[in-house]
Amino acid sequence: METRIVTVVGASGTLGSEIVRALLEKGARVRAMVRATSDRTKLESLGVTEFVVADLMDATSLQRALTAEPRAEAVVASAAGFTAHTARTKGDNSRTDTEGYRNLVDAAKNAGVPRVVLISILECDKAPEVPHFSKKFVAEKYLAEKRQPYLALRAGAFLDRAQDVVAPKVRKGVFPDIVPGVALDMIYSPDLARYAAQAALDLPASALNQSVDVRCNVPATGPMVAAAFTRVLGRPVVAKPVFPPLLVPMLPLVAWFVPALRDQIAVLAWIRKGGYVSHESQKQKDLFGELPTIEDSVARYCRDKGLIEPAAS
């Protein structure tokens with residue numbers, strides 16, 4: 001049987017490389033879409049040999065990338081405008097997540113891509129005041145409007161964080177709690193990557209054209225996650241606030257004077273209101289099976305990060 005090709009947009013990112021790994025494990029041929037300034041080293045170490053250079057803000061480059069022969073049978077889009085790399089190279093993050101994704105959808109539709117798997121954000125349709133979230137909902141709506149077959153995976157907060165600061169803290173007995181006292185839905189990024197690979201390769205066409213919340217089985221507070229680390233590691237791990245309590249009321253003022261932080265601060269304010277919690281779990285169960293538990297996710301994270309000592313032979 002001919003190897004199936006999947007184009008991954010944002011392949012060089014933290015999540016993108018996890019998606020690439022999951023696709024390769026399923027035997028797919030990965031075509032990594034990267035920008036000219038992207039570092040390909042990690043992707044090459046995973047075994048990726050096929051690259052196409054394109055930019056979400058360059059419609060012509062996208063069209064060229066998605067019409068490359070042989071054609072890909074799916075596109076997985078994990079690129080995000082609100083990243084440090086985008087800020088360095090483009091500056092206007094909002095255009096990347098709006099105009100850029102419109103360019104991508106148009107190119108996919110024109111190229112006849114059978115399906116687009118969009119990495120979206122949990123409850124993004126209910127957060128108009130948070131640019132990073134609301135722009136994903138705009139992309140979802142545009143996919144539907146253009147009648148481009150798609151599946152949007154609305155991911156909860158990453159247990160391992162985009163820039164993983166958890167493992168170094170846990171080694172010192174601390175779980176960094178971003179929003180003390182607030183429960184939120186989480187997902188371990190390799191699980192999201194696995195779902196994305198399944199969506200690209202395995203799910204029937206009847207499963208497309210919808211948004212699916214992706215999360216662990218229950219919303220968790222910082223102390224709940226710290227307790228899971230304690231049980232898995234067999235030593236105390238306590239939750240400690242990332243931001244000093246006295247600083248929290250000052251964050252809106254910080255956003256006023258530091259525009260680059262406005263989105264992150266808006267995210268924190270929204271999460272503190274309890275917004276990062278799914279109200280729909282059946283779709284995830286139907287498509288991908290039982291939801292992972294917090295403790296199982298923590299256990300796998302600890303193994304992956306070398307936090308658990310190897311068993312004696």
Side chains of D125 and F137, heavy atoms from C-beta outward: is any pair under 4.5 Å? yes

Sequence neighbours left out, what pairs pass ring pair (Phe, Tyr, Trp, His ring centres under 6.0 Å) with at least one residue falling in residues 181-222? Y188-Y301, Y195-F288

V212, F158: one ILVMFWY side-chain cluster at the under-4.5 Å cut-off? yes

Apply the test side-chain contact (heavy atoms from CB on, under 4.5 Å) to residues Q210 and L151: give CA-CA distance (whole Å), side-chain angles for both, the deciding distance (0.1 Å), then the verdict. CA-CA 6 Å; Q210 62 176 329; L151 189 71; 3.6 Å; yes

same_hphob_cluster(V277, L291) at 4.5 Å side-chain heavy-atom cutoff: no

Answer with yes or no whether the side chains of D160 and S189 bring together a donor and an acceptor at under 3.5 Å. yes

How close do V116 and A108 get, counting heavy atoms only, and between which atoms? CG2-CB, 3.9 Å

Would you call I187 and L159 a side-chain contact if the rule is heavy atoms closer than 4.5 Å? no

Are S17 and K42 close enough that a side-chain donor and a side-chain acceptor fall under 3.5 Å? yes

Compare all side-chain heavy atoms of V214 with those of R154 and state whether any distance is below 4.5 angstrom. no

Using only atom types and a distance under 3.5 Å, with no angle test, would you say the side chain of T221 pairs donor to acceptor with the backbone of V182? no

Please tell me whether V218 and L184 are part of a single hydrophobic cluster in this structure, the criterion being side-chain heavy atoms less than 4.5 Å apart. yes

Knowing that exactly one of V76, V75, L203 qualifies, which makes a side chain to side chain contact (heavy atoms under 4.5 Å, CB included) with R115? L203

I'd like to know if the side chain of S78 reaches the main chain of I119, judged simply by a donor and an acceptor atom lying under 3.5 Å from each other, with no hydrogens or angles considered. no

Within the 4.5 Å heavy-atom criterion, are E123 and H279 side-chain neighbours or not? yes

Enumerate, atom names and distances included, each donor-acceptor pair closer than 3.5 Å involving a side-chain atom of residues 167-178, sequence neighbours excluded.
residue: R171; atom: NH2; partner: K305; partner atom: O; Å: 3.0
residue: D177; atom: OD1; partner: V179; partner atom: N; Å: 3.4

Tell me, do R31 and V6 make a side-chain contact under 4.5 Å, heavy atoms counted? no

Does R300 come within less than 4.0 Å of D296, counting only side-chain N to carboxylate O? yes

Evaluate side-chain contact (heavy atoms from CB on, under 4.5 Å) for S120 paired with L153, printing each intermediate quantity in order. CA-CA 5 Å; S120 190; L153 300 180; over 6 Å; no

Report the distance from atom OH of Y276 to atom NZ of K126, rounding to the nearest 0.5 Å. 13.5 Å

Any side-chain heavy atom of V34 within less than 4.5 Å of one from L43? yes

ring-ring contact (aromatic ring centres under 6.0 Å, His included) involving Y150 - partner list, sequence neighbours excluded: none

For the pair R4 (side chain) and A72 (backbone), establish whether a donor and an acceptor sit closer than 3.5 Å, ignoring hydrogens and angles. no

Are S297 and D191 packed together at the side-chain level, in the sense that at least one heavy-atom pair is separated by less than 4.5 angstrom? yes

For D106, is there an ion pair with K109 - N to carboxylate O distance below 4.0 angstrom? no

Is there side-chain contact between V9 and L62, with at least one heavy-atom pair below 4.5 Å? no

Hey, mind stepping through H132 and I121 against side-chain contact (heavy atoms from CB on, under 4.5 Å) and telling me if it holds? CA-CA 9 Å; H132 179 43; I121 298 176; 3.7 Å; yes

Which side chain to side chain donor-acceptor pair (under 3.5 Å) pairs, counting each pair once, include a residue from residues 197-208, with sequence neighbours left out? K26-D202

Can you name the closest pair of heavy atoms from R71 and T67 and give their distance? NE-O, 3.2 Å

Check whether V166 and I308 end up in the same hydrophobic cluster, where Ile, Leu, Val, Met, Phe, Trp and Tyr are linked by side-chain heavy atoms less than 4.5 Å apart. yes

Mind listing the closest non-hydrogen atom pair of A155 and L192 along with its distance? CB-CD2, 3.6 Å

Could you measure the distance from the CG atom of D213 to the CG atom of L122? Nearest 0.5 Å is fine. 5.0 Å

So, R215 and D185, do they make that salt bridge, N to O below 4.0 Å? yes

Tell me whether Q63 contacts the main-chain N or O of L104 through its side chain, where contact means a donor paired with an acceptor under 3.5 Å. no

How far does CD1 of I5 sit from CD of E69, to the nearest 0.5 angstrom? 9.0 Å

Is there a donor-acceptor contact under 3.5 Å from the side chain of S278 to the main chain of E280? yes

Calculate, to the nearest 0.5 Å, the distance between atoms SG and NZ belonging to C124 and K136 respectively. 9.0 Å

Where is the tightest heavy-atom contact between L56 and N103, given as atom of each residue plus distance? O-ND2, 2.9 Å

Between V30 and E50, does a side-chain contact (heavy atoms from CB on, under 4.5 Å) hold up when you go through it step by step? CA-CA 7 Å; V30 172; E50 187 172 352; over 6 Å; no

Ring pair (Phe, Tyr, Trp, His ring centres under 6.0 Å) partners of residues 31-79, not counting sequence neighbours, each pair once: none

Heavy atoms only: give me the nearest A28-L201 pair and the separation to one decimal. CB-CD1, 3.9 Å

Taken to the nearest 0.5 Å, the spacing of R40 CZ from L46 CG works out to 14.5 Å

Considering all heavy atoms, the nearest N209-P149 contact: OD1-CA, 3.3 Å

Residue pairs passing the salt bridge (charged side-chain N to carboxylate O under 4.0 Å, His left out) test where at least one lies in residues 224-242, sequence neighbours excluded: R231-E295

Any side-chain to backbone donor/acceptor pair from R29 onto L24? Under 3.5 Å, distance only. no

Cluster link V238 to F229, ILVMFWY, side chain under 4.5 Å: no

Can you confirm whether the side chains of S211 and E140 place a donor and an acceptor under 3.5 Å from each other? yes

Any chance you could measure K285, atom NZ, to K283, atom NZ, to the nearest 0.5 Å? 14.5 Å

